[in-house]
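A quick write-up on the structure given underneath.
In what follows, residues are counted from 1 in the order of the sequence shown.
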Amino acid sequence: MPNSTLTRTPVETRILDLLLPYHRTTEPGRPDPAAHPEQLDQIRRFTEAGEPVLFTLPGFPCKSPNPAKVLGHLPDEGERLSLGFLDRLCARIGEIYAPGARMLICSDGHIFGDLINVPDAHIDAYGDELRALIRRERLSHLDTFDLRHVHGELDYDTKRALVTEAYAPDLETLRAQARTDEETARLYRGITRFLVEDTAGFTGTRSALQRECRARAYGVIARSRAWGDLIADCHPRSVRLSIHPQRPGAAKFGIRLLDAADAWATPWHTTVLRETGGAARLLHRAEAERLGRLVLRDGRPSHYEAVACGRSGAQGLSGGSSRAPGARHARSPRWEKSPEYARYEGAPPPRDRTLSQR
C-alpha cells in the first residue's frame, strides 16, 4: 500500500489491521476493520487522546489438571511463545502509533479455580512463574493483574464470593441465555468440553461426568463474566480481548495466541509440538508425546520436538530456527505454514536440551 494511502488511513484502522490476522472466531473471517466497529471505537478513545492503547486480556489462568493434556502446573513453551507474540504485537503497534500499546494479562485462575479442581497454590505458582517469565524474556509491553490485586488480604474463597456476588449473572438467567443465544450456547458447550477433558481419575460413568461438568460449566461462565466486568470497572477505557472465539462485531475481540487446528485451543490446555523449522502447534500432551521427544528448559519439561520421517515445516509464531546450541533435532512431519504468524519472526528459542542429551 502506498505511503500516501497509509497516511490517509485512520490510525485506529491501521492498529486493528494488525490484530485481524489473529482473530479467533468460529465464523468465516472478515478482514475488513469496518466489521469490528466496537474495537475501532475502543482504540479511537486512546488515539484521539494521544495515549498508549491499553488491551485487557482475561486468560492465562493455570494449567489443566489433566496430565494427558499438559506437562505440569507451571508455564512452559506455550506460554513463552504466546507472551512473546503479544509483546511483539504491541511493539508493532508502536511502529505505526508513537504512544504505543500495552497488554494487561488478567489471569482468571483464582476466580474459578475451585470449579475446575485446581488448588489455589498451583494457581499462585503458575502466576508467579508467568511474571518471572515476562521479566526473563524482557517483555516490556506486558503487565499482569489477578485476584491478588483485589479485596486486600482476604482469603481466596472470600474474594471469589465477593466478586461473584457483585458481578456474576444469576445462573437461571444464564441457563435461559444458553437456550436462546447461540454465542452463549457455544461458550457453554466449549467450557463443558474443557471440563470433561480436564477431569482425570473420575470413577463414575461417562454420562455422570458429563452431567457434573455441565452443571459446573454454568458456574465457570458466570464467574468468568464477573471477572470480565470487574476488569471493565478497574479499566473502563481498554480494548477488550478474549481467548475465546468471538463473532465479528462482538464487544470483545477473540485473539489466537498460537497456531492450532482447534479454535478453542490455548497453551494452558495443551502442549507445544515444535517443528525443526520453528513452527509451533498446540496439541494434547498424549498426542505430542506420540509425535515427538521431550525438551527440557532450565531442568523442567518445556515442549516436544517432532520426530518422524518427512520434511520439516515452515517458521511459526516465534520464527527463526528452533535449533538451539547443542540441541539435536530429528526430521519431522511437514505442517502447512501459517502465513499470518510468519510476520512475527523473532530470535531462536533459548538453549534447550532434549532428554536424549541428559
(message) Can you confirm whether E182 is buried at CD, in the sense that more than 12 heavy atoms of other residues, nucleotides or ligands lie under 6.0 Å from that atom?
(response) yes
(message) Quick check on the hydrophobic clustering: are L162 and Y167 connected, directly or via other members, by side-chain heavy-atom contacts under 4.5 Å?
(response)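 Per the 4.5 Å side-chain linkage, L162 and Y167 are not co-clustered.
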(request) Report whether V150 and L104 are members of the same hydrophobic cluster (ILVMFWY, side-chain heavy atoms less than 4.5 Å apart, transitive linking). (result) yes
(request) Take R160 and D120, measure what side chain to side chain contact (heavy atoms under 4.5 Å, CB included) needs, and give me the verdict at the end. (result) CA-CA 12 Å; R160 278 188 281 266; D120 286 314; 3.0 Å; yes
Taking atom types as modelled, is there a side-chain donor on [X] or [Y] under 3.5 Å from an acceptor on the other?
{"X": "D124", "Y": "Y156", "value": "yes"}
{"X": "R225", "Y": "T184", "value": "yes"}
{"X": "H269", "Y": "D198", "value": "yes"}
{"X": "D146", "Y": "H110", "value": "no"}

(message) Between E79 and W268, is the side chain to side chain contact (heavy atoms under 4.5 Å, CB included) condition met? List the steps.
(response) CA-CA 8 Å; E79 282 81 2; W268 43 93; 4.0 Å; yes
[X] side chain vs [Y] backbone, donor-acceptor pair below 3.5 Å:
{"X": "H73", "Y": "S64", "value": "no"}
{"X": "D170", "Y": "T173", "value": "yes"}
{"X": "T205", "Y": "A208", "value": "yes"}
{"X": "T271", "Y": "K69", "value": "yes"}
{"X": "Q42", "Y": "A251", "value": "yes"}
{"X": "R80", "Y": "P75", "value": "no"}

(request) Sequence neighbours left out, what pairs pass side-chain hydrogen bond (donor to acceptor under 3.5 Å, both in side chains) with at least one residue falling in residues 98-109? (result) R102-D143
(request) Using the salt bridge (charged side-chain N to carboxylate O under 4.0 Å, His left out) rule, take R45 and E12 through it: C-alpha gap first, then chi angles, then the decisive distance, then the call. (result) CA-CA 9 Å; R45 296 173 195 173; E12 64 268 18; over 6 Å; no
(request) Would you verify whether the NZ or CZ of R237 falls within 45 degrees of the ring axis of F46 while also being under 6.0 Å from that six-membered ring's centre? (result)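 R237 over F46 ring: yes.
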(message) Check whether Y304 forms a cation-pi arrangement with R293 (NZ or CZ under 6.0 Å from the six-membered ring centre, at most 45° off the ring normal).
(response) no
(request) In sequence, state the C-alpha distance, the side-chain angles, and the governing distance for D114 and R223, and then conclude on salt bridge (charged side-chain N to carboxylate O under 4.0 Å, His left out). (result) CA-CA 11 Å; D114 57 321; R223 294 198 201 171; 2.5 Å; yes
Can you confirm whether [X] sits close enough to [Y] that some side-chain heavy atom of one is under 4.5 Å from a side-chain heavy atom of the other?
{"X": "L241", "Y": "M103", "value": "yes"}
{"X": "L282", "Y": "V272", "value": "yes"}
{"X": "R247", "Y": "E183", "value": "yes"}
{"X": "L83", "Y": "E137", "value": "no"}
{"X": "L147", "Y": "W227", "value": "yes"}
{"X": "Y22", "Y": "F85", "value": "yes"}
{"X": "T56", "Y": "V239", "value": "no"}
{"X": "F55", "Y": "V53", "value": "yes"}

Taking atom [atom1] of [X] and atom [atom2] of [Y], what is their separation to the nearest 0.5 Å?
{"X": "R148", "Y": "I123", "atom1": "CZ", "atom2": "CD1", "answer": "10.0 Å"}
{"X": "L19", "Y": "R24", "atom1": "CG", "atom2": "CZ", "answer": "13.0 Å"}
{"X": "E38", "Y": "L16", "atom1": "CD", "atom2": "CG", "answer": "12.0 Å"}
{"X": "T192", "Y": "E197", "atom1": "OG1", "atom2": "CD", "answer": "11.0 Å"}
{"X": "R274", "Y": "R281", "atom1": "CZ", "atom2": "CZ", "answer": "12.5 Å"}
{"X": "L130", "Y": "I134", "atom1": "CG", "atom2": "CD1", "answer": "5.0 Å"}

(request) Check side chain to side chain donor-acceptor pair (under 3.5 Å) between T158 and all other residues, then give those that pass, not counting sequence neighbours. (result)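 T158 satisfies side chain to side chain donor-acceptor pair (under 3.5 Å) with D155 only.
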(message) Evaluate R206 against V196 for side chain to side chain contact (heavy atoms under 4.5 Å, CB included), listing each step before the verdict.
(response) CA-CA 9 Å; R206 179 75 175 180; V196 170; 3.6 Å; yes
Looking at every non-hydrogen atom in both residues, tell me the closest pair between [X] and [Y] and how far apart they are.
{"X": "A222", "Y": "L171", "answer": "CB-CD2, 3.9 Å"}
{"X": "I243", "Y": "P58", "answer": "CG1-O, 3.8 Å"}
{"X": "E275", "Y": "A306", "answer": "OE2-CB, 3.9 Å"}
{"X": "P248", "Y": "T25", "answer": "CD-OG1, 4.1 Å"}
{"X": "L115", "Y": "L195", "answer": "O-CD2, 4.4 Å"}
{"X": "K159", "Y": "L154", "answer": "CE-O, 3.2 Å"}

(message) Salt bridge check, K63 against D76: does any charged N sit closer than 4.0 Å to a carboxylate O?
(response) yes
(message) Between E95 and R14, does any NZ, NE, NH1 or NH2 come within less than 4.0 Å of an OD or OE carboxylate oxygen?
(response) no
(request) Test side chain to side chain contact (heavy atoms under 4.5 Å, CB included) on V220 and I116 and set out the steps. (result) CA-CA 8 Å; V220 171; I116 62 174; 4.2 Å; yes
(request) Go through the steps to decide whether E129 and R300 satisfy the test salt bridge (charged side-chain N to carboxylate O under 4.0 Å, His left out), and finish with yes or no. (result) CA-CA 12 Å; E129 180 58 25; R300 276 207 323 264; 3.5 Å; yes
